[in-house]
Amino acid sequence: MAVLLALAAAMWGVTLGRPPAQMLVAGLRALVQLAAVALVIAFLANRGAWAFAFVALMFLVGVWTCGRRVARKGRWWLAALPLAAGVLPVAGLMFAAGVLPFSALAIIAVLGQQIGGAMSTVTLSGRRVEDELVVRRGEVEAAVALGFMWFAARMMVGRPVAGEAVLPSVDQTRTAGLVTLPGAFVGMILGGAAPLDAGLIQLLVLISLLLVNSTAAATTLWLSCRGAWALRAA
């Protein structure tokens with residue numbers, strides 16, 4: 001791992017012109033955080049109610065992470081809206097249908113993946129739409145001059161690019177078992193689960209992420225077109 005991290009940092013700095021320290025810090029943080037999380041999950045193994053407190057912490061960290069990417073000097077806390085819009089309905093449906101058991105390990109594993117997926121989607125869609133609105137501001141203003149409302153004019157520019165953030169999830173689902181073996185599937189197999197059971201759980205996670213990420217991207221698009229990220233909406 002040390003060799004791989006050093007090579008990644010070298011590639012990051014030499015070929016991409018980015019500070020190698022960013023890559024090193026990311027790797028070291030992952031080491032410390034995963035060690036801490038492993039201890040916490042072991043403690044929560046038979047405490048289902050407490051698992052929700054840990055998931056809430058994961059949610060807050062996700063909001064801070066993606067919100068600061070989209071609106072570093074603006075209302076970054078609004079990232080809670082697309083994350084909640086994507087994760088909460090899907091999680092509620094899974095609990096109501098009984099496919100997600102009231103188990104600490106299941107709650108943390110499944111909801112953690114959904115929060116992580118929504119976080120990446122908000123970051124990618126938010127930055128992409130915000131950049132597009134800046135680059136094509138002339139088109140937006142021209143549409144307003146023709147009688148469109150600001151929101152509708154921005155939607156014309158932002159909608160075609162917002163969905164790009166969901167494409168990685170679509171591709172991962174389409175190629176599951178052919179190009180990659182997703183982590184939950186591999187982990188369950190190594191843990192002794194039957195291949196069919198592992199496949200069903202992984203399929204549930206992948207399909208749930210499609211809805212989570214699509215909803216998160218749509219909500220992010222709505223916020224951007226409303227000018228909600230800026231401290232003063234246009």
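For the numbers below, each heavy atom of this structure counts, side chains included, while hydrogens, waters and symmetry mates do not.
- Tracing side-chain contacts under 4.5 Å through hydrophobic residues (I, L, V, M, F, W, Y), one never reaches M156 starting from F151; they form parts of separate clusters.
- With values rounded to the nearest 0.5 angstrom, W77 atom CH2 is found 14.5 Å from W64 atom CH2.
- When every heavy atom of T121 is checked against every heavy atom of A216, the shortest pair comes out as CG2-CB, 4.3 Å.
- Atoms OG1 and CG, on T173 and L206 in that order, are 4.5 Å from each other to the nearest 0.5 Å.
- Considering all non-hydrogen atoms of both residues, A84 and P89 come closest at O-CD, 3.4 Å.
- Looking at F59 and V87, their side chains never come closer than 4.5 Å, going by heavy atoms from C-beta outward.
- Inter-residue side-chain proximity for L223 and R226 is flagged as unmet; no heavy-atom pair is nearer than 4.5 Å.
- In this structure, the separation between CD on Q114 and CG on L88 is 9.5 Å, given to the nearest 0.5 Å.
- Residue R69 qualifies as open at atom CZ: its count of foreign heavy atoms under 6.0 Å is 12 or below.
- N213 pairs in a side chain to side chain donor-acceptor pair (under 3.5 Å) with only one of the listed residues (S120, S125, S169), which is S169.
- Two residues are said to be in side-chain contact when any heavy atoms from C-beta on lie closer than 4.5 Å; L124 and E164 fail this criterion.
- Scanning all heavy atoms of the two residues, the minimum distance from G158 to L221 falls at C-CD1, 3.6 Å.
- The two residues C225 and M155 make their nearest non-hydrogen contact at SG-SD, 3.5 Å.
- Within the structure, every pair that satisfies the side-chain hydrogen bond (donor to acceptor under 3.5 Å, both in side chains) test and touches residues 8-25, not counting sequence neighbours, is listed here: W12-Q22.
- Side-chain atoms of R127 never come within 3.5 Å of backbone atoms of V70 as a donor-acceptor pair (strictly under, hydrogens ignored).
- W229 and M119 end up in different hydrophobic clusters when Ile, Leu, Val, Met, Phe, Trp and Tyr side chains are linked at under 4.5 Å.
- Under the 4.5 Å side-chain heavy-atom criterion for grouping Ile, Leu, Val, Met, Phe, Trp and Tyr, L7 is not connected to M23 through any hydrophobic cluster.
- V110 and V61 are members of different hydrophobic clusters when ILVMFWY side chains are connected at heavy-atom separations under 4.5 Å.
- Across all their heavy atoms, C66 and V122 have their closest contact at SG-CG1, 3.8 Å.
- Counting Ile, Leu, Val, Met, Phe, Trp and Tyr side chains that sit under 4.5 Å apart, directly or through other members, V170 shares a hydrophobic cluster with V166, L210.
- The distance from atom CE of M94 to atom CD1 of I107, rounded to the nearest 0.5 Å, is 11.0 Å.
- Contact of the V140 side chain with the F148 side chain is not registered, since no non-hydrogen atoms from C-beta on lie closer than 4.5 Å.
- Minimum heavy-atom separation, E130 to S224: OE2-OG, 3.0 Å.
- The backbone N or O of L133 sits nowhere less than 3.5 Å from a side-chain atom of R154 that would complete a donor-acceptor pair.
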**OP:** For side chain to side chain contact (heavy atoms under 4.5 Å, CB included), just list the numbers for E141 and V144, CA-CA rounded to whole Å, side-chain angles, deciding distance to a tenth of an Å, and then say yes or no.
**Re:** CA-CA 5 Å; E141 293 176 345; V144 172; 5.5 Å; no
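- Note on V55: it clusters hydrophobically with L204, by side-chain heavy-atom contacts below 4.5 Å among ILVMFWY residues.
- Atom CG of L24 and atom CG of L28 lie 6.5 Å apart (nearest 0.5 Å).
- With hydrogens and angles ignored, the 3.5 Å screen pairs a side-chain donor or acceptor of S208 with a backbone N or O of V205.
- Taken from CG in L34 to CG in L39, the straight-line distance is 11.0 Å, to the nearest 0.5 Å.
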